[in-house]
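In what follows, a single structure is set out as structure tokens and then discussed.
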Number of protein chains: 2
Amino acid sequence: MISMLDYDDCYSKTMPMNDSAVDPRQRLVLAAADMLRQRGLNATSVREVAKLAQAPLGSTYHYFPGGKPQLISEAVQLSGEQVARYLTRTFAAGPRDGLLAFVALWRQLLQDKACRAGCPVMAVAADDSAADDDAPMLAAVAAAIRAWQQPLGDSLVTAGLPAARAARLATLLIAAVEGAILLCRAQGNTTALDEVAEELRLLLDNALAGVAAQGEP
Amino acid sequence: MISMLDYDDCYSKTMPMNDSAVDPRQRLVLAAADMLRQRGLNATSVREVAKLAQAPLGSTYHYFPGGKPQLISEAVQLSGEQVARYLTRTFAAGPRDGLLAFVALWRQLLQDKACRAGCPVMAVAADDSAADDDAPMLAAVAAAIRAWQQPLGDSLVTAGLPAARAARLATLLIAAVEGAILLCRAQGNTTALDEVAEELRLLLDNALAGVAAQGEP
DNA sequence: AAATCATTATAACGACTGTCATAGATCAAG
DNA sequence: CTTGATCTATGACAGTCGTTATAATGATTT
């Protein structure tokens with residue numbers, strides 16, 4: 001079974017956003033992602049991101065001439081890719097182990113940050129006004145979600161499910177886990193995520209048991 | 001079967017937030033809820049809410065001496081209660097019909113607002129910084145979620161499921177639907193919600209079929 | 001050493017935010 | 001009619017927002 005708590009691979013506990021060994025540009029992106037996680041899009045200001053990254057404010061517009069939309073988009077993209085890599089790795093061991101790892105990832109984050117954290121990608125999805133300049137941000141969010149659905153769907157297909165069902169289940173897993181994160185934020189504990197995880201586990205076992213029964217007579 | 005598109009009971013298409021027949025105080029709350037839906041917490045300004053409600057800015061602090069936190073809290077509370085009433089009514093006809101109505105409610109909203117809308121309750125959950133003054137808002141969100149879980153859980157228990165399982169399933173339904181709304185916002189269509197709805201329907205049928213098989217031998 | 005480039009520092013711009021104070025209007029009760 | 005309470009109107013406060021301009025720095029290359 002995959003070690004499902006190698007949380008550092010996706011989100012290091014000591015984020016290098018103020019580690020001067022990392023170049024300032026990446027520090028800014030990491031700081032933006034961390035702030036999105038806790039405060040949401042509109043409460044994440046360029047000034048505070050720069051301060052958190054220990055970079056001068058002027059540098060922000062040097063590295064990101066597109067301004068805040070570009071900075072946020074890159075933060076969403078980076079976070080999305082990190083999660084996508086994690087999902088690809090963990091779901092390679094099968095949907096069941098993948099789900100456990102997926103849940104464990106977010107559970108750890110919620111616990112570390114006292115349920116004051118969330119997912120940067122969903123923060124942007126929930127908070128953007130979908131105006132003119134927000135288009136690149138929304139595009140980054142949509143791309144991240146697609147990149148998450150891929151490994152989940154592949155894993156379910158490999159396990160024997162039809163493609164259409166696998167795609168639907170992948171969407172459900174992502175929606176349910178992300179929704180549970182919101183519930184946890186509101187309630188201040190991880191109960192909702194635990195309950196959702198248990199039901200999703202039962203659901204997967206059920207779906208895959210049907211495949212096994214049909215596949216080996 | 002319950003008419004699952006009486007959307008106006010929960011969220012009127014022509015919101016009375018600028019209907020001068022409604023008293024200004026309630027107009028402000030309705031306008032705040034509508035703005036939360038589309039823009040999120042931090043992008044919802046007191047000035048714009050007042051403008052949308054066609055109420056003077058000064059009136060806002062007359063009716064809501066607690067300021068923005070009070071206004072937002074009441075908007076969350078109102079929206080939460082509306083949805084809770086809708087859930088109580090629709091899930092009384094059984095979990096399956098309730099789920100269909102639940103999904104239809106949000107699907108209609110997404111379609112009407114070109115996927116630019118969401119749930120005010122979740123908007124606050126995703127966007128609050130959990131600071132000092134945000135406590136009443138978070139409390140309103142948590143209360144709303146509890147009020148949603150109740151009718152879902154009751155309906156599932158009535159249908160024959162054990163209490164613990166019913167509670168978990170209720171949480172899953174809420175988390176999955178709310179998460180799907182986020183995905184729809186990001187992707188600009190209602191595909192995610194439709195996929196999630198289909199899987200949740202299968203899941204419910206499965207769980208309830210198990211009960212029926214066990215209940216009538 | 002000189003010149004070119006990337007980066008920083010500083011300050012400021014206009015627009016917006018939540019909040020409040022105060023003066024004017026409206027209207028019911030005495 | 002007058003008093004008192006409720007509501008509106010207006011404008012301002014201190015602060016933050018995203019963004020930009022410009023000058024000073026630092027490093028790299030010629």
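- Between the CG atom of A/D23 and the C1' atom of C/dA6 there is a distance of 13 Å, given to the nearest Å.
- In this entry the distance linking CZ of B/F64 with P of C/dT19 reads 13 Å, nearest Å.
- The closest donor-acceptor contact from the side chain of A/S155 to the backbone of A/F91 lies under 3.5 Å.
- In this structure, the CD1 atom of A/I72 is 9 Å from the P atom of D/dG18, given to the nearest Å.
- Of the two residues near DNA chain D, A/N42 and B/P24, the one whose nearest nucleotide lies more 5' is B/P24.
- Residue A/Y61 places at least one side-chain N or O closer than 4.0 Å to OP1 or OP2 of D/dT19.
- Within the 4.0 angstrom heavy-atom criterion, no nucleotide atom of any strand lies near B/T60.
- The side chain of B/P69 lies closest to C/dT19 when the candidates are D/dT8, C/dT19, D/dG18.
- A donor and an acceptor atom, one from each side chain of B/Q149 and B/T171, are located under 3.5 Å apart.
- Checked against C/dG18, D/dC17, D/dG18, the side chain of B/V46 finds its nearest nucleotide in C/dG18.
- Between A/R39 and B/D127 there is no salt bridge, since no side-chain nitrogen of the basic residue lies less than 4.0 Å from a carboxylate oxygen of the acidic one.
- For A/H62 and A/R47, each mapped to the nucleotide of DNA chain C holding its nearest heavy atom, the one lying further toward the 5' end belongs to A/H62.
- With hydrogens and angles ignored, no donor-acceptor pair under 3.5 angstrom links the side chain of A/R25 to the base of C/dT7.
- A cation-pi arrangement is present between A/R25 and A/F64, with the terminal nitrogen or guanidinium carbon under 6.0 Å from the aromatic centre and inside a 45° cone about the axis.
- The nucleotide whose nearest atom lies closest to any side-chain atom of B/K68 is, among D/dT20, C/dG18, C/dA9, C/dG18.
- Using a 4.0 Å cut-off, no side-chain N or O of B/S59 falls inside it from OP1 or OP2 of D/dC7.
- Between B/S45 and A/L57, the one whose closest nucleotide on DNA chain C sits nearer the 5' end is A/L57.
- We find that OH of B/Y63 is positioned 18 Å from P of C/dT19, with the value rounded to whole Å.
- Screening A/T44, A/V49, A/V121 for a side chain to side chain contact (heavy atoms under 4.5 Å, CB included) with A/L36, the sole residue that qualifies is A/T44.
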